[in-house]
Number of protein chains: 2
Amino acid sequence: MMQHDEEPSANEAPADAWVGAVDLGKLAEGLGFALRRAQAAVAEDFAARFKDEDIRPSQFAVLSVLRGNPGLRQTQVSFALGIQRTNFVPLIDELERRGLAERRRVPGDRRAAALFLTKPGAALLDRLESIAHAHGARFAARVGGPDAFARLLRLLGCVADRTLDPEG
Amino acid sequence: MMQHDEEPSANEAPADAWVGAVDLGKLAEGLGFALRRAQAAVAEDFAARFKDEDIRPSQFAVLSVLRGNPGLRQTQVSFALGIQRTNFVPLIDELERRGLAERRRVPGDRRAAALFLTKPGAALLDRLESIAHAHGARFAARVGGPDAFARLLRLLGCVADRTLDPEG
DNA sequence: TATTGTTATACTCTATAACTATA
DNA sequence: TATAGTTATAGAGTATAACAATA
């Protein structure tokens with residue numbers, strides 16, 4: 001009766017035997033489905049590698065942007081990452097609570113908040129990027145090496161780029 | 001100022017001018033970030049094209065699998081699609097409520113439910129696949145043609161494939 | 001004992017409306 | 001009037017635990 005090596009959950013997937021036998025039909029040609037599966041695999045590896053750092057992809061992304069763009073406004077960071085500014089509030093709240101980032105008032109505009117990486121935040125980011133390097137290397141290996149990996153990133157960039165549409 | 005052509009929302013993104021100026025740093029080399037942006041673009045196009053059919057990607061996927069595999073058990077379909085069987089219940093519930101799919105008892109096992117596409121479900125699926133064809137064509141064009149698109153699908157398949165890892 | 005389908009539940013992510021204080 | 005940050009809220013998607021009926 002199909003024991004797994006990991007996952008003691010009672011709601012585990014049944015035998016893996018028949019899942020490969022399912023005919024996915026046109027679904028296998030779908031970009032959305034392929035992206036979903038790829039993202040699930042990447043998210044799984046991310047979760048495993050960053051478990052001890054207690055950091056989520058969006059938090060990592062914020063810290064990463066703050067390093068390259070200190071003093072950016074909240075709204076600028078949020079939309080650069082594709083996160084609505086309304087959902088960005090609790091995100092930066094937690095980073096600030098953990099002492100990894102901070103909001104500073106900007107002299108010219110009393111409404112705005114400029115974001116900065118703290119020293120502990122920068123130290124954490126160093127560690128995160130080192131882990132991320134190994135994380136990326138796993139998938140570079142899966143796709144067949146650095147060149148194929150670079151090709152994949154370029155293709156994904158095209159997918160996300162509206163300006164490449166026929167009408168402009 | 002700064003009026004958009006669409007989106008009357010009050011929570012819209014501010015000027016698009018400065019978002020391109022943000023330095024994403026190492027984030028731009030991240031597979032997870034690239035996948036996120038690509039998936040957002042694909043989801044946006046999907047939502048626009050399938051709006052009138054009132055169908056979500058997961059529902060489309062179920063109908064698609066049922067055509068190629070009539071009589072499959074609920075759990076088999078759900079795990080073939082990477083959906084937990086517990087979350088699959090309300091999904092198939094709604095498809096059945098809308099008369100697009102149906103559960104039938106299987107003779108040998110009184111616990112199991114075999115899933116089938118109904119005639120209206122098959123008719124809808126025909127329409128959906130026609131829309132999906134145009135949907136896919138948009139992104140094939142974005143990445144530079146059918147060959148590049150096929151290459152992208154193959155690379156994404158590698159990303160999702162654990163068996164390609166060094167250790168096996 | 002294990003499996004199938006199910007319910008209940010919780011947590012994250014995302015989306016919209018509306019408020020405040022500024023500009 | 002418009003913008004920056006915020007709050008509240010609702011909807012998806014996803015996760016685990018536990019149950020009844022059946023194997």
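Letters go in sequence order (proteins before strands), and every chain restarts at 1.
For the pair B:Arg104 and B:Phe116, the cation sits on the ring face: its NZ or CZ lies under 6.0 Å from the ring centre, inside 45° of the axis.
Taking side-chain N and O atoms only, A:Gln74 has a distance below 4.0 Å to OP1 or OP2 of D:dT6. Neither OP1 nor OP2 of C:dG5 sits under 4.0 Å from any side-chain N or O of B:Arg110. Side-chain N/O atoms of B:Arg36 include one lying less than 4.0 angstrom from OP1 or OP2 on C:dT14. Regarding contacts with the backbone of D:dG5, a side-chain N or O of A:Thr75 is found under 4.0 angstrom from either OP1 or OP2. OP1 or OP2 of C:dT14 has not a single side-chain nitrogen or oxygen of A:Gln84 nearer than 4.0 Å.
One interatomic measurement links the two molecules: CG of A:Leu115 to C1' of D:dG5, which rounds to 11 Å at whole-angstrom precision. Taking atom CD on A:Glu94 and atom P on C:dC11, their separation rounds to 14 Å, with Å as the unit. With rounding to whole Å, A:Phe79 atom CZ is found 12 Å from D:dT3 atom P. A:Ile92 places its CD1 atom 14 Å from the P atom of D:dT7, with the value rounded to the nearest Å. Rounded to whole Å, the distance from CZ on B:Arg73 to P on D:dT22 is 15 Å. Between the CZ atom of A:Phe88 and the P atom of C:dA15 there is a distance of 16 Å, given to the nearest Å. Between the P atom of C:dA15 and the CD1 atom of A:Ile83 lies a distance of 11 Å, rounded to the nearest Å. In this structure, the CZ atom of B:Arg85 is 14 Å from the P atom of C:dA2, given to the nearest Å.
Minimum interatomic distance between A:Gln74 and A:Val89 (heavy atoms only, all atoms of both residues): NE2-CG2, 4.1 Å. Closest heavy-atom contact between A:Leu115 and A:Arg103: CD2-CG, 3.5 Å.
Residue A:Gly82 is out of contact with every strand shown, counting any heavy-atom pair closer than 4.0 Å. Residue B:Arg103 is in sugar-phosphate contact alone, with no base atom involved, counting any heavy-atom pair closer than 4.0 Å across all strands shown.
Judged by distance alone, with hydrogens and angles left aside, A:Arg111 brings a side-chain donor or acceptor within reach of the base of D:dT3, the pair sitting under 3.5 Å. Counting distance only, with no hydrogens placed and no angle test, the side-chain atoms of A:Asn87 and the base atoms of C:dA15 include a donor-acceptor pair under 3.5 Å. Donor-acceptor pairing under 3.5 Å, judged by distance alone, is absent between the side chain of B:Thr86 and the base of D:dA18.
Salt-bridge annotation for A:Asp161 and A:Arg154: absent, with no side-chain N of the basic residue lying under 4.0 Å from a carboxylate O of the acidic one.
Annotation: of the two residues near DNA chain D, A:Asp93 and B:Asp109, the 5′-most nearest-nucleotide partner is A:Asp93.
Looking at residues two or more places apart in sequence or on another chain, you find no ring-ring contact (aromatic ring centres under 6.0 Å, His included) involving B:Phe33.
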